[in-house]
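Have a look at the structure below, then the notes.
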Protein chains: 2
Amino acid sequence: MSHHDLKLGHPSCGDCPIRHKAVCARCESDELAQLDAIKYYRSFQAGQTVIWSGDRMDFVASVVTGIATLTQTMEDGRRQMVGLLLPADFVGRPGRPTAAYDVTATTDLVMCCFRKKPFEEMMAATPHIAQRLLEMTLDELDAAREWMLLLGRKTAREKIASLLAIIARRDASLKASASKGGVKFDLPLTREEMADYLGLTLETVSRQMSGLKRDGVIELEGKRHVIVGNLDRLLEETGDDSDGGALV
Amino acid sequence: MSHHDLKLGHPSCGDCPIRHKAVCARCESDELAQLDAIKYYRSFQAGQTVIWSGDRMDFVASVVTGIATLTQTMEDGRRQMVGLLLPADFVGRPGRPTAAYDVTATTDLVMCCFRKKPFEEMMAATPHIAQRLLEMTLDELDAAREWMLLLGRKTAREKIASLLAIIARRDASLKASASKGGVKFDLPLTREEMADYLGLTLETVSRQMSGLKRDGVIELEGKRHVIVGNLDRLLEETGDDSDGGALV
DNA sequence: ACCAACCGTTGACGCAGGTCAAGGCGCGCG
DNA sequence: CGCGCGCCTTGACCTGCGTCAACGGTTGGT
């Protein structure tokens, strides 16, 4: 909890990496200027807690770079991750005074925060923001429901494969790296975080990772770097509909 | 699939039971009139399918009375319920052409449907609708995340208790029936539907119901009627924070 | 009246994944 | 350099829940 929670300056929205994907995606330049007036950047080190569930939260924010997680904890310590926040994702709920989940930086993290009160006022006055937020929330709801299927019905191996597939796909689309079939990436999560995400124990995660490696579905370089030789092979292991990426 | 899918007339919004909770909650009377022009009622029998995942869907809708479910199915038949739709809940996603989930009526069901195209146009022009939909979607997202904790981390007994608690609470608040401690209600779901909701098998559901009964947490009258003598006792079994209903 | 379909319960058994425990690797720090 | 610590792996064992199977009650159709 050392105070490495820097408040940074005021980079302009023009060259913001998430300009066209975040809540502000549809804003016109005058609207951006308004947002600019109520925004500030904060950055966090990997492992730092952004906010605890139940704490007063007087901002909402977009993830600019890095990855954060939303987790819920039961009294006896059982933990379940309920959201993985990637760049452009939105944190916080307009109209709610406190945080509903623990928010933690799993990598170094930069967030673009908006003071809540003025943000709420802007939302009421600026349909572009509310529209975009609705769209993003609907996407998150879909993702949450897909995750419910995973948590409720998939086997440990399918869970791991699904998580790897999600990360692989994101990296593939992001970096346009994959030469049809060969994808490599670094896992942004520890085994324990993976376990919390998947509703497993870290031992089971470790065993299943070893299993997928033994069966040639993935290769490992060190603990974190994953090489997927054949993405289709990995997708088969997820238990999902095999149509994978339609040819559209 | 017999054709008991009646299209009903055009009851007025004025005396609609969900008038103040559904997407239209914030609409002024002129806006209601517009909605009225694009709406139609449909009713379904218990057990009927409203729409299959992947089917073209040219309406969105509110549940007026009855209960519907959203479920996802894997190729091999594993099923997970991902949403329970109660009166006032919204079905369908503006901007998406097909249904993402199977929608099924678990009780007799009446829905207020809006033709999708004009509804989308209205949404763009009527902030009241988009605002309300955002609010409802955020609530659903919260519910989905709570459900993720249940699916990922709770034991079978805790899952059953949580489901009963949700239904008990809803009925208690709805009917203001409970004289501090005594709640009774009919389960709107079969054992199999409960299993699909909770990520269990129907046998496990049955056993845990018997277990809760044996331990005096609930009483059963027939298969479906549940009597909760001591709600706090039930809440203890859910594994959730014990603060239950705060004294505010 | 009978039968079939549906829903629910219960028992016996097996296994996937949790639990407990030991140990390995890499890294920063005294 | 050696030590401790965080992260990961692996093994042995245990158990909660799934699977398979039998059976009872209720309802509706012929």
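Order of the sequence lines fixes the chain letters, A, B, ..., with proteins taken first and strands second; residue numbering starts at 1 for each chain.
Comparing D/dG18, D/dT9, C/dT9 against the side chain of B/L200 picks out D/dG18 as the nearest. With D/dT19, C/dG8, D/dG18 as the candidates, the nucleotide lying closest to the side chain of B/T204 is D/dG18. Residue B/T155 places its side chain closer to D/dC17 than to any other of D/dT9, D/dC17, C/dA12.
Remark: P of D/dC7 and CE of A/M209 are 16 Å apart, rounded to the nearest angstrom. In this structure, CG of B/L212 is placed 12 Å from P of C/dT9, rounded to the nearest angstrom. Rounded to whole angstrom, the span from the CG atom of B/L220 across to the P atom of C/dT9 amounts to 7 Å. Atom C1' of nucleotide D/dC17 and atom CG of B/L151 are separated by 15 Å, given to the nearest angstrom. With rounding to whole Å, A/L202 atom CG is found 15 Å from C/dG17 atom P. Remark: C1' of D/dG18 and CZ of B/R191 are 18 Å apart, rounded to the nearest angstrom. Between A/E192 atom CD and C/dG18 atom P the separation is 13 Å, expressed in whole Å. The interatomic distance linking A/Q208 (CD) with D/dC8 (P) rounds to 16 Å, in whole Å.
Using a 4.0 Å heavy-atom cutoff across all strands shown, B/S206 reaches at least one base atom of the nucleic acid. Nucleic acid contact class of A/G199 (heavy atoms, under 4.0 Å, all strands): sugar-phosphate only.
The base of D/dC20 lies close enough to the side chain of B/E203 for a donor and an acceptor atom to sit less than 3.5 Å apart. Side-chain atoms of B/R207 and base atoms of D/dT19 include a donor and an acceptor less than 3.5 Å apart.
Considering only heavy atoms from C-beta on, B/S62 comes within 4.5 Å of B/F114 through its side chain. Counting only heavy atoms from C-beta outward, the side chains of B/L220 and B/H225 never approach each other to under 4.5 Å. At a threshold of 4.5 Å between non-hydrogen side-chain atoms, the residues A/T69 and A/V103 do not count as touching.
Toward the 5′ end of DNA chain D lies the nearest nucleotide of A/S210, the other residue of the pair B/T201 and A/S210 mapping further downstream. A residue-by-residue look at A/K159 and A/K223 shows that A/K159 has its nearest nucleotide of DNA chain C further toward the 5' end.
A salt bridge links A/D196 to B/R153: at least one charged side-chain nitrogen sits closer than 4.0 Å to a carboxylate oxygen.
The side-chain tip of B/R170 does not point at the ring of B/F185 from less than 6.0 angstrom away and within 45° of straight on.
For C/dC7, the OP1/OP2 oxygens have no side-chain nitrogen or oxygen of B/R224 closer than 4.0 Å.
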